[in-house]
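The structure appears below as structure tokens.
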Amino acid sequence: MTRYLLDVVENRSIGEYERAGGYQGLGKALSMEPGQVIEEVKKSGLRGRGGAGFPTGMKWMFAAGDPKSPKYIACNADEGEPGTFKDKAILDENPHLLIEGMAIAGHALKAELGYIYLRGEYLKEKDILETAISQARASGYLGENIMGSGKRFDVHVHLGAGAYICGEETALIDSLEGKRGQPRLKPPFPVNSGLWGSPTIVNNVETLANLPFIVREGAGRYVRIGDPGCPGNKLFPVSGHVERPGVYELPMGTTLREIIYEHAGGIKNGKTLKAVIPGGISAPVLPPGLIDCPMDFVSVQKQGSMLGSGGVMVFDEDTCIVRVAHRALEFFERESCGKCTPCREGTGWLRGILERIETRQGREGDIRLLEDVSKNITGNTFCPLGDGAAAAVLGFLMHFREEFAEHIKNGCPFGPDDLNPYHYNPVQP
Amino acid sequence: MIEFVINGKNIQAQPKTTILQAALANGIYIPHLCWDRRLLPYGGCRLCLVEVEGMHKFLASCSTPVKAGMIIHTETPKLEKARRTVLELLLVHHPLDCPVCDKAGECDLQDLAFKYGPVASRFADERKHEPESTAAPLIERNANRCILCGKCVRICKEHQGVGALNLIGRGFKTKVSPAFEETLDCEFCGQCVDACPVGALGTKSYKFRSRVWFMDEQENICPYCSVGCTSVLSLRDGQILRARGKDGVGISKGDLCPRGRFGFDFIESEHRLSTPLLRKEGKLEPASWQEALEFTARRLAEIKEAHGPRAIGALGSERCSVEDNYMLKKFMVLSLGSKNVDSRTRLGYAKQVEALKKTFGISRLALDLDAPLKADVIFVLESDLTSTHPVYGLKALAAHRDLKATLIVADPRESKLSRWSSQWLRIRPATGVALVNGIMSALIEADLFDKKAEAVKGFDELKKTLERYKPSAAAVMAGVSELDIRHAASALAAAKNPMFMACFGSSENTKGEGTALALMDLAILLGRGPEALGLPPEFANTMGTQMVLEGGETGLDAVEMLYGGQMKALVIMGENPVVTFPDTTRVMNTLGGLELLVVQDIMMTATAKLAHVVLPASGWGEKEGTFVGMTGKPQKIVKCLSEIGQGIPDWKILRNLGRLMHTDLDAKSFAGLSASALADIEQRQETAHPVFIPVEQETRESADGGHPLLFATGNLMQHSGSLTTISNNLDSAAPDAYLQINPSDADARRIYNDSFVKVSGRNGEAIYLKARVTDEVPQGMVFAPAHFAHAKVNLLTLPSKNGEAPIAAVKVDPA
Amino acid sequence: MKNSFGPGALALLNEIKTKYPTGRAAIMPALYVAQEEFGWLMPEALEAVADCLELPEMTVRSTATFYSMYRHRKAGRNVIRICTNVSCMVLGARTLKGVLEGLYGVAPGGVSPDGRFSLEIADCIGACGSGPAMLVNDDLHTGLDAKKIIEVLENYK
């Protein structure tokens, strides 16, 4: 199989990258009209790798069609979805791939400035990126006259500061503008009114990293990789109870079974699989019976979950699902931005009920209460964060209802993993 | 127009209308907690969700524009369930303390909980235990009741342009907080209190006073500035317990400023007069109406006999109604044969009226409150409109912020307008004429003026005058850069619909008639008529008073009466010249030397203390009447309180005096009086004919080595004239006078913030004020608010003559 | 007490400002500079940021309190941010919290009595593939267990 994202360059130096065909895509793009580049991306069928799977070429076309200027390229490197560390792998191993992708986007959109919104915890990656950016500037791939084309494009790194919600594109934009990272009303969409009111495309790291290959090799070659409905390679970060956790670059549509058992080496310590979350913590859990599902946007959705970020979290037979659900909701409660009622109040409510179930204080009817509240949150929140929380709860209940009932009746059968469930000490402003 | 269906009803709306707006406009209620007509949609509360056929999700109606053919349902079992969940979620933490919450009975959350259920949440969690914030004046916050709809934060920032409240923290721990969680320190407009859908924000003066359902509501016109906002009063047992703005009510449509919302309590001040007073053996003693009026009538007749009617004069009041002033004029003319009737408008509003007469040949401007919203360039000259006319000023702010109009502010003082402006021309104090002349000169030089202006009478004279105000020269005079002047000129020239705004308040001494003339010349030069002028009169009935008193031929004006030394007797109705007129010493001398001083007022003023007879009048709220504010349209004020003590309306006092003097003033009923008073002022039809009146930059005094600082006086947002200083509410928000002085001027004199300073004028007088060291005033200028009687600011001010700005030069030393 | 930026920080801030078209957009990087300079975001630090960017201090504070990586109280000499989210949790991260509490007397949100460590619970630090993981100051440590965490922390004084 062809790998073009990871394991292609050693020691991430610009020389190695160039030798492996790096920046040829940008050179080719610069020889094309911006419209042609967009056309090529549309033809490639590339869909956003951040989670929503929106066709990238379409997004670009909307932004290019807006007469306003300047335009901005914003790279979403705020990889905050628990269970996800694929963008980090690109940044660690192949930072120039992202820079080249952004420069191609810059040319296609006639933008002169791009920002990489990097999550605050990725301090090492910040250094890597800044080094790579200065190398690229020195080699003429960024700056005033890129590759002698007379075009200008530059990139800055903007470090986030610990807010999961900033992975949502409008919250990311507000955050980049120095505001509280709360989602904005849509419309207007960022492609028309993004950073400082200008047309802005927000693309995930992995999405942008696909571009050099698409432009260099042509959309015709790209569509032959992976699933015809959704071509290209996908990065699958695998964590939890597997022998070889890590990030795997595989064609879109590889089955969960292959990812877990072939690439990640199967369940750790010879245990059996109990459950798997296929796409980061917001994706509803799947039971072992469903792991033959191909990992692409449509197939996973058919199983009642979502591909999301592709973050595969694997749990063995000794895992307490209630505890996992409770920890997930702790996360959502803490990360809710506070703007809309269902998410702000609902995540805390769900967490509270899960907490009492896990600590043997569960009540008759708690399962129905969880379901009822989750269903009434679903679809009614301002942004997908609250939906994700509700969907996660509903997923756990759908496949592991018995375990919840057992908890309510007899307490947690798995014993404590630490002393007691604790509350976060609040962030004191 | 877009056509769509809500709940089976065919509805039309303009494009960009949201579903919620369209529904409300058609009498369909959709529950909402975070939406406000004045604010951008927020989409936070999630109660306004609706079902749109063909959509797989509910849509938030506050932020979804209508589309043609949409079929919308606002009440379905599914929606009801979603709303019940949202309410239940809010009730997880909202305290159920309705029995002690002042909002109960008009609380949106309470009402919706009754409508949709539940009354409590299925999930009981620890409630919040934040202490109440009660340290700030006027406004109290109870964070436990807050549902984080963000309306207070947004109304303060988006609408009011202040930003005193902000959201801090994240998620469930989000809080509304003033800066650094310190005590709220803001304008105290109270818009946030009205906007709060629950009881998280309340007013101090209303706390625990009454359950809402025991109160009657009465709309009344605010008695303060000329905007004419409708204040909705809540009354119980003959007392006003609170005043609110109510969405859509009156021309202000729900906006109010600190004065309109909190200033109503002056009416029950302990300083109110309850009986007539008569000076006996040098002391004012309570007397009966009979005694007081007979004394007054007899003395007036004697003085008229001895010195002739020209020795008797009267001052009406911008605070009194059209009817009161009309009766005063009638009384003077018919009972005493004197035409000497004027008012304090002479020191303020009359300057612009005189200018208007000279330039356009008209005597009144009827303003549209929303006119600034239609302008694309707004030029504000030396006026802090967001303080003097807060709700009008907001429109200028909104035009700039929301509608992207260019806002050019020429003012030495920093104000909310200058902070928000596109261009702030920080001119030297009282150099508005030089600046405007410079702009006109730049327009002519660059050939950017309207060619019709060449045919206007006086164009050549104007051009000649402007030769002395070339942009380079004007820049030096006004203390700005030449480029700034040219920049402003080209912005104005490019405007399709420019607007020129200023206020001529009687205590604002940086502008004279010349300032008004220059502004009008500029309008004419750009081909504009009076409709481009946004010059609001000062007080609620300034225009009405001026119309009435100027209606006939006039005798001596207020300046001549008070500073001319010819008067033997004065009748002063609702005015307090000792405090509100410039040059207090001369005013005191004049009043002290009178053979008879009659004062009708609602309270014991400094002027009343000098009177021979004091007659108690009823105040706003205690009498019917008419105000004519900036719109030029009569607005009825309503009687909703009973009179205090023996006070009666001013017009009745005058009618009684007339009867004692055997003149029939033809005022048998209020209705009849009102009809003839209004007929008197409404008959004028005027057409504008522009003429250029060139003016020179002139001020009454200029700074020099001995008196190096220019002393400007003016208004605060929390006060109006001296009347509001007896409002306990407003007094708590802005309790005292002070002197603003620039840090460099302060440093040079070793003056520190909050230390006392001595301010001495060329007239030999000196006053003592607390210093407020701030760069809100430029170097070379000091500023003091003119509202406070005890500060005696007017000892240093000067009455204006001619067209000059009456600013005074002073010396400031540590006290 | 410190109440303004030193020359080094000011130079850095001036460089940061050039990256954005508005002063406001520089708030987040400026807050990091302030946190480094002042130790934590005390009111003086927020005011210094507001002065530097010519913004109301309310705006700065409102933004600063939204993000969990800005510290609003005094921190220990070393800041531990340990992830206990699901992937790390199922590999035993929560037991490590007990280790820290027992050994150094530091609870989540608190500072050890000797001021050496402060402990924050992180929600995923992107090291799910090698958990349990923690950040100590700017350094990432992975594959932790009760033994390794002590070894690691002994390098931070």
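Quick note on labels: first sequence line is chain A, next is B, and so on, each numbered from 1. Note that this is a predicted model, so its numbers are computed, not measured.
Salt bridge absent: R334(A) and E330(A) never bring a charged side-chain N and a carboxylate O closer than 4.0 Å. A salt bridge links D318(A) and K271(A); the closest N-O separation between the charged side-chain nitrogens and carboxylate oxygens is under 4.0 Å. The pair R116(C)-E154(C) meets the salt-bridge criterion, with a side-chain N (NZ, NE, NH1 or NH2) lying under 4.0 Å from an Asp/Glu carboxylate O. One finds a salt bridge joining D123(C) and R327(A) here, because a Lys/Arg side-chain nitrogen approaches an Asp/Glu carboxylate oxygen to under 4.0 Å.
The contact between V157(A) and chain C is made entirely by backbone atoms, counting heavy-atom distances below 4.5 Å. Only the side chain of Y72(A) comes within less than 4.5 Å of a heavy atom in chain C; its backbone stays farther off. Both the backbone and the side chain of I125(C) come within contact range of chain A, judged by heavy atoms closer than 4.5 Å. With a threshold of 4.5 angstrom between heavy atoms, K86(A) does not approach chain C through any atom at all. Heavy atoms closer than 4.5 Å to chain C are found in the backbone of E81(A), but not in its side chain. Heavy-atom distances place the side chain of I281(A), and not its backbone, under 4.5 Å from chain C. Only the side chain of T319(A) comes within less than 4.5 Å of a heavy atom in chain C; its backbone stays farther off. Neither the backbone nor the side chain of P237(A) comes within less than 4.5 Å of any heavy atom of chain C. Interface remark: V238(A) contributes backbone atoms only to the contact with chain C (heavy atom separation under 4.5 Å). The contact between E177(A) and chain C is made entirely by backbone atoms, counting heavy-atom distances below 4.5 Å.
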**Asked** So R180(A) and D174(A), salt bridge (charged side-chain N to carboxylate O under 4.0 Å, His left out) or not? Walk me through it.
**Response** CA-CA 7 Å; R180(A) 299 161 61 77; D174(A) 263 18; over 6 Å; no
**Item:** Trace of the side chain to side chain donor-acceptor pair (under 3.5 Å) decision for E120(C) with S118(C)
**Value:** CA-CA 7 Å; E120(C) 287 164 24; S118(C) 48; 5.0 Å; no
**Asked** Does the pair E355(A) and H326(A) meet the rule for a side chain to side chain donor-acceptor pair (under 3.5 Å), with working shown?
**Response** CA-CA 6 Å; E355(A) 190 162 303; H326(A) 171 245; 2.9 Å; yes
**Evaluation steps, side-chain contact (heavy atoms from CB on, under 4.5 Å), between K274(A) and F400(A)** = CA-CA 10 Å; K274(A) 178 173 185 180; F400(A) 298 92; 4.1 Å; yes
**Request:** Check the pair N78(C), N137(C) against side chain to side chain donor-acceptor pair (under 3.5 Å), reporting the backbone distance first and the verdict last.
**Result:** CA-CA 6 Å; N78(C) 301 289; N137(C) 306 332; 3.0 Å; yes
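At a heavy-atom cut-off of under 4.5 Å, chain C is reached by M313(A), F315(A) from residues 309-317 of chain A, listed in order of number. Residues of residues 119-129 of chain A lying under 4.5 angstrom from chain C, judged on non-hydrogen atoms, are R119(A), G120(A), E121(A), Y122(A), L123(A) by number. Heavy-atom proximity under 4.5 angstrom to chain A picks out K19(C), Y20(C) from residues 12-20 of chain C. Residues of residues 160-167 of chain A lying under 4.5 angstrom from chain C, judged on non-hydrogen atoms, are G160(A), A161(A), G162(A), A163(A), I165(A), C166(A) in numerical order.
Enclosure of atom NZ in K74(C) is not indicated, since only 12 or fewer non-hydrogen atoms of other residues, nucleotides or ligands lie within 6.0 angstrom. At most 12 heavy atoms of other shown residues, nucleotides or ligands fall within 6.0 angstrom of atom NZ in K147(C).
Two residues are said to be in side-chain contact when any heavy atoms from C-beta on lie closer than 4.5 Å; V136(C) and M134(C) meet this criterion. Between L46(C) and P43(C), the closest side-chain pair of non-hydrogen atoms is not below 4.5 Å.
Using the six-membered ring where Trp is involved, Y115(A) and H156(A) have ring planes that are tilted, between 30° and 60° apart.
Counting heavy-atom pairs under 4.5 Å between each of A93(C), C124(C), S130(C) and chain A puts C124(C) at the top. Residue with the most contacts toward chain C among K268(A), E79(A), H241(A): H241(A) (heavy-atom pairs, distance under 4.5 Å). Of the listed residues (C337(A), G80(A), A328(A), C320(A)), the greatest number of heavy-atom pairs within a distance under 4.5 Å of chain C belongs to C337(A). For the options G246(A), G83(A), G338(A), heavy-atom pairs under 4.5 Å to chain C are most numerous at G83(A). Note on I27(C), T63(C), L135(C): by heavy-atom pairs under 4.5 Å with chain A, the leading option is T63(C).
For Y104(C) and F117(C), the ring centers sit closer than 6.0 Å to each other. Under the 6.0 Å cut-off for aromatic ring centres, Y117(A) and H158(A) qualify, their centroids lying closer than that.
Rounded to the nearest 0.5 Å, atoms OG1 (T59(C)) and CD (E57(C)) are 8.5 Å apart. A distance of 8.0 Å separates CE of M89(C) from OG1 of T84(C), quoted to the nearest 0.5 Å. How far CD1 of I133(A) is from CG of D154(A): 7.5 Å, rounded to the nearest 0.5 Å. Within the model, atoms CZ of F5(C) and CD of E37(C) stand 6.5 Å from one another, a figure rounded to the nearest 0.5 Å. Note that OG of S69(A) and CD of E112(A) are 9.0 Å apart. Values are rounded to the nearest 0.5 Å. Note that CD of E168(A) is 11.0 Å distant from CD of Q182(A), once rounded to the nearest 0.5 Å.
Only one option out of F38(C), Y70(C), Y67(C), W40(C) pairs with Y32(C) in a ring pair (Phe, Tyr, Trp, His ring centres under 6.0 Å); it is Y70(C).
Remark: side-chain polar atoms of S336(A) are not paired, donor with acceptor, to backbone N or O of E333(A) under 3.5 angstrom.
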